[in-house]
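Contents: one structure, followed by commentary.
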Amino acid sequence: MHYFVYKNDHLYCEDVSVSYVAEQIGTPFYLYSYSTIKRHFRVFEDAFNGLDHLTCFSVKSNSNLAILRLLASEGGGADIVSGGELFRAIKAGIAPDKIVYSGVGKTPEDMELALKSGIFMFNVESNQELQTLDKIAKDIGCKAPIAIRINPDVESKTHPYVVTGASENKFGIQIEDSLSAYALAKRLKHIDVKGISCHIGSQLTEIDPFVEALQKLKELLEALKKMGLDIKFLNLGGGLGITYNDEKPPHPLEYAGALRETMGDNNVTLILEPGRVITGNAGILVTRVLYTKSTKNKRFVIVDAGMNDLIRPALYNSFHAVQPVEMTHSEMLAADLVGPVCETGDFLAKDREMPAFKPGDLVAVMSAGAYSFSMASNYNSRPRPAEVMVKGNLLSVIRSREAYEDLISGETIPEFLE
Ligand SMILES: *Cc1c(COP(=O)(O)O)cnc(C)c1O
């Protein structure tokens with residue numbers, strides 16, 4: 001459920017018409033619905049009512065401060081993967097003791113910053129990282145709270161680029177090596193073992209892989225108990241899928257129900273790291289048609305947003321629905337929706353039936369709230385688009401469109417070139 005709906009053939013975000021936003025701030029821009037984000041978070045969160053749990057929003061899916069602030073005010077924590085995300089999460093008001101830190105390549109500097117900020121837990125992904133963290137904690141004079149991220153080797157049937165929990169992926173520690181990693185963690189004096197974590201992939205549309213992974217975490221928990229380790233937290237990561245096209249992902253209630261059953265009765269808190277399911281369908285990318293042209297067997301609709309603004313189609317061949325902002329078209333035509341970037345991979349939709357767009361028309365690229373702006377770049381020296389949030393009839397630019405000056409900020413021409 002989201003709040004992007006047509007009223008009298010005009011696309012609205014809550015109570016604001018999308019074309020009004022385009023008039024005010026120009027194109028392209030990302031448009032987020034406050035009520036949709038809040039609703040998605042509440043539905044997810046409330047599905048786990050009665051079960052000890054902590055929901056840590058995956059900051060990499062959408063890291064805008066306003067969105068993080070909204071989730072913080074709903075009581076959400078954060079799952080971060082870099083020092084930059086830690087900086088954002090804290091700036092946005094997320095309580096440090098609700099922040100978990102994942103990632104295979106944490107730098108010593110970022111680990112130190114996270115320790116000093118008092119984050120809840122590190123999800124450690126290798127023995128070397130464990131030793132580095134122990135040393136940093138020793139220097140600071142504290143103990144680093146950790147879970148070890150294990151790779152449960154379950155099959156998750158999603159795009160190969162977003163599978164993370166199979167044995168050929170770089171993430172986590174192989175489950176068969178996990179006991180020795182925990183033994184090492186137990187020996188290290190400045191490591192405080194608190195949990196077990198995993199994250200098996202993204203855009204999963206079935207429940208079974210999650211249940212299977214949680215079962216493996218529980219088995220490991222029993223083995224660790226015998227080693228004398230008191231594990232209080234199981235972190236199942238994120239990964240719950242959404243509908244982009246015709247996918248039928250489980251509802252959060254079903255997901256939570258299955259996990260509740262698998263957890264059973266124990267004194268363990270479940271940590272969840274949802275990203276896409278919270279923000280994916282709470283944002284759209286709005287772009288304007290510049291030109292259309294046809295070759296012998298293809299029609300192209302060229303718009304002012306490209307792969308630098310939204311890379312998912314180019315990177316994963318992802319599907320994003322394409323909709324008119326004004327429903328004035330009587331005819332549908334097969335076309336590619338492409339951007340201005342000088343790459344053949346620069347498309348937003350391929351071989352798609354879409355309204356017979358004309359120059360000047362506004363186009364909404366749907367389901368662009370996750371892994372969209374957060375993956376945007378300046379390729380082709382294109383300023384990144386504005387981000388706008390609507391709440392009811394209120395509209396706020398939550399990130400201004402970059403200017404040409406922003407493109408060169410930090411660059412210098414050395415003296416020997418003057
Ligand atoms: C990306 C990521 C998530 C979020 O995944 P979604 O599919 O967006 O829910 C959670 N945890 C970790 C460790 C991640 O890398």
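In this chain, residues are counted from 1 in sequence order. Just follow the structure's listing: the first ligand is 1, and inside any ligand the first atom is 1.
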Expected output: side-chain N62 to main-chain G369 donor-acceptor under 3.5 Å:
yes

How are the rings of F44 and F48 set to each other: parallel, tilted or perpendicular (split at 30° and 60°)?
tilted

Taking the six-membered ring for Trp and the full ring for Phe, Tyr or His, determine whether the centres of F357 and H329 are under 6.0 Å apart.
yes

Which of the ligand 1 atoms, numbered from 1, are nearer than 4.0 Å to a heavy atom of S58:
1 (C), 2 (C), 3 (C), 4 (C)

Just to check, does D79 reach to within less than 4.0 Å of ligand 1 when the distance is taken from its heavy atoms?
yes

If we set the cut-off at 4.0 Å for heavy atoms, which region of H199 has an atom near ligand 1: side chain, backbone, both, or neither?
side chain

Nearest non-hydrogen protein atom, atom 8 (O) of ligand 1:
Y371 OH, 2.6 Å

Check whether any heavy atom of F171 sits under 4.0 Å from an atom of ligand 1.
no

Would you say L179 and M227 make side-chain contact, with heavy atoms under 4.5 Å?
yes

Who's the nearest protein heavy-atom neighbour of atom 10 (C) of ligand 1, and how far?
E273 O, 3.2 Å

Among S102, S202, G275, closest by any non-hydrogen atom to atom 7 (O) of ligand 1:
S202

cation_pi(K350, F347) dist<6.0 Å, angle<=45
yes

Report the nearest protein non-hydrogen atom to atom 15 (O) of ligand 1: residue, atom name, distance rounded to 0.1 Å.
K60 NZ, 2.6 Å

Side chains of S102 and E125: do they bring a donor and an acceptor to under 3.5 Å?
no

Using heavy-atom distances only, which candidate in S61, G237, G239 approaches atom 9 (O) of ligand 1 most closely?
G239

For the residue pair L270 and V268, establish whether any side-chain heavy-atom pair is separated by less than 4.5 Å.
no

